[in-house]
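Working notes for the structure below.
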Amino acid sequence: MRRAIALALENIRTGGGPFAALVVKEGHVVALGVNQVAAKNDPTAHAEIVAIRAACDALGTFRLSGCDLYSTCEPCPMCLGAIYWARPARVFYAGTAADAAAAGFDDAFIYDEIKLPYRARRIPMAELLREEGNVVFKEWAAKADRIPY
């Protein structure tokens, strides 16, 4: 965790955000990531996502079984989703969501939005061409050599 905190401090001092993450397997750092949202104009470039992508690339898998993720902050909803998809063994974090909110990184509105019906959200969402779209799931389900998620 101290290494993640040091990376976050370095990222701040070089113009980045105050977040960093490490993926560790069997006591060895597999990958690290720092917040690159502004640097890359990529709203998905949170430290945890960057670290997960790098770890998956390094390990040649999309599952981080047996790995631990260390983050300088409690994961936001997007990162939490990525963490669950990556399936690490454990997650450790330093700062809380409340700490991040106090520094101007408040994601509480996203949790509130998730609870709302699609049409009541700030960004309206609507189903479109469901039957036509479901053909991709039918084809996937019929594929004998599919890789289960």
Side-chain angles (χ1 to χ4, degrees), residues 1-8 10-11 14-97 100 105-149:
M1 185 61 78
R2 286 186 181 95
R3 184 160 179 203
I5 293 167
L7 284 169
E10 181 182 329
N11 199 46
T14 58
F19 304 98
L22 303 172
V23 175
V24 176
K25 185 167 189 169
E26 298 172 357
H28 300 288
V29 175
V30 174
L32 52 88
V34 295
N35 180 282
Q36 299 176 3
V37 171
K40 294 199 173 193
N41 294 317
D42 179 354
T44 69
H46 288 201
E48 296 92 337
I49 303 284
V50 172
I52 288 169
R53 287 175 180 160
C56 289
D57 188 50
L59 296 172
T61 181
F62 59 88
R63 292 189 185 109
L64 297 179
S65 305
C67 294
D68 292 328
L69 187 140
Y70 293 82
S71 177
T72 55
C73 189
E74 181 178 354
C76 76
M78 176 182 67
C79 293
L80 186 62
I83 288 165
Y84 272 92
W85 281 114
R87 298 175 180 92
R90 299 178 297 185
V91 175
F92 301 96
Y93 59 89
T96 66
F105 298 93
D106 193 355
D107 57 13
F109 78 96
I110 298 172
Y111 287 104
D112 294 339
E113 288 283 306
I114 290 169
K115 297 173 194 170
L116 296 173
Y118 291 125
R119 290 189 174 97
R121 293 179 180 173
R122 292 180 193 186
I123 301 173
M125 299 180 186
E127 185 180 293
L128 182 65
L129 299 176
R130 182 178 179 192
E131 286 191 39
E132 288 180 47
N134 273 331
V135 72
V136 299
F137 296 120
K138 291 176 184 171
E139 185 158 332
W140 174 256
K143 187 175 166 54
D145 63 343
R146 71 181 179 272
I147 298 170
Y149 285 61

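When all heavy atoms of Ala31 and Ala55 are compared, the pair lying nearest together is CB-N, 3.3 Å. Here the closest non-hydrogen pair linking Gly33 and Ala47 is O-CB, 3.6 Å. Taking every heavy atom of both residues into account, Met78 and Ile49 meet most closely at CE-CG1, 4.1 Å. Closest heavy-atom contact between Tyr149 and Phe62: CA-CE1, 4.3 Å. Thr61 and Cys56 get closest at one heavy-atom pair: O-CB, 2.9 Å. The shortest non-hydrogen separation linking Ala20 to Leu7 is CB-CB, 3.7 Å.
Side-chain contact between Phe19 and His46: absent, with no pair of heavy atoms (C-beta onward) separated by less than 4.5 Å. Residues Lys25 and Cys67 have side chains in contact (heavy-atom distance under 4.5 Å, counting atoms from C-beta outward). Using a 4.5 Å heavy-atom threshold, the side chains of Leu64 and Leu69 count as separate. Using a 4.5 Å cut-off on side-chain heavy atoms (C-beta onward), Pro77 and Tyr111 make contact.
The stretch residues 78-94 participates, sequence neighbours left out, in these side chain to side chain donor-acceptor pair (under 3.5 Å) pairs: Asp68-Arg90.
One distance of note links CD1 of Ile5 with SG of Cys73; it measures 11.0 Å at 0.5 Å rounding. Here Arg63 contributes atom CZ and Ile147 contributes atom CD1; the two are 8.5 Å apart, rounded to the nearest 0.5 Å. Rounding to the nearest 0.5 angstrom, the gap separating the CD atom in Glu48 from the CG atom in Leu22 is 10.5 Å. Atom-to-atom distance recorded for Arg3:CZ and Glu10:CD is 10.0 Å, nearest 0.5 angstrom. We find the CZ-CD1 distance between Arg122 and Ile110 to be 9.0 Å, quoted to the nearest 0.5 Å. Taken from CD in Gln36 to CG in Asp42, the straight-line distance is 8.5 Å, to the nearest 0.5 Å.
Looking at Asn11, its side chain does come within 3.5 Å of a backbone N or O of Gly17 through a donor-acceptor pair. Of the possible donor and acceptor atoms, none in the side chain of Arg119 sits under 3.5 Å from a partner among the backbone N and O of Ala126.
Between Tyr70 and Phe92, the angle of the ring planes stays under 30°, which puts this pair in the parallel group of the 30/60° scheme.
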Check the pair Lys40 / Val50 against side-chain contact (heavy atoms from CB on, under 4.5 Å), numbers first and verdict last. CA-CA 11 Å; Lys40 294 199 173 193; Val50 172; over 6 Å; no

Carefully, step by step, assess Ile83 and Ile52 under the rule side-chain contact (heavy atoms from CB on, under 4.5 Å). CA-CA 8 Å; Ile83 288 165; Ile52 288 169; 3.9 Å; yes

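In the displayed structure, Arg2 atom CZ is contacted under 6.0 Å by at most 12 heavy atoms of other residues, nucleotides or ligands.
Scored by the side-chain hydrogen bond (donor to acceptor under 3.5 Å, both in side chains) test, Thr72 finds no partners at all (sequence neighbours excluded).
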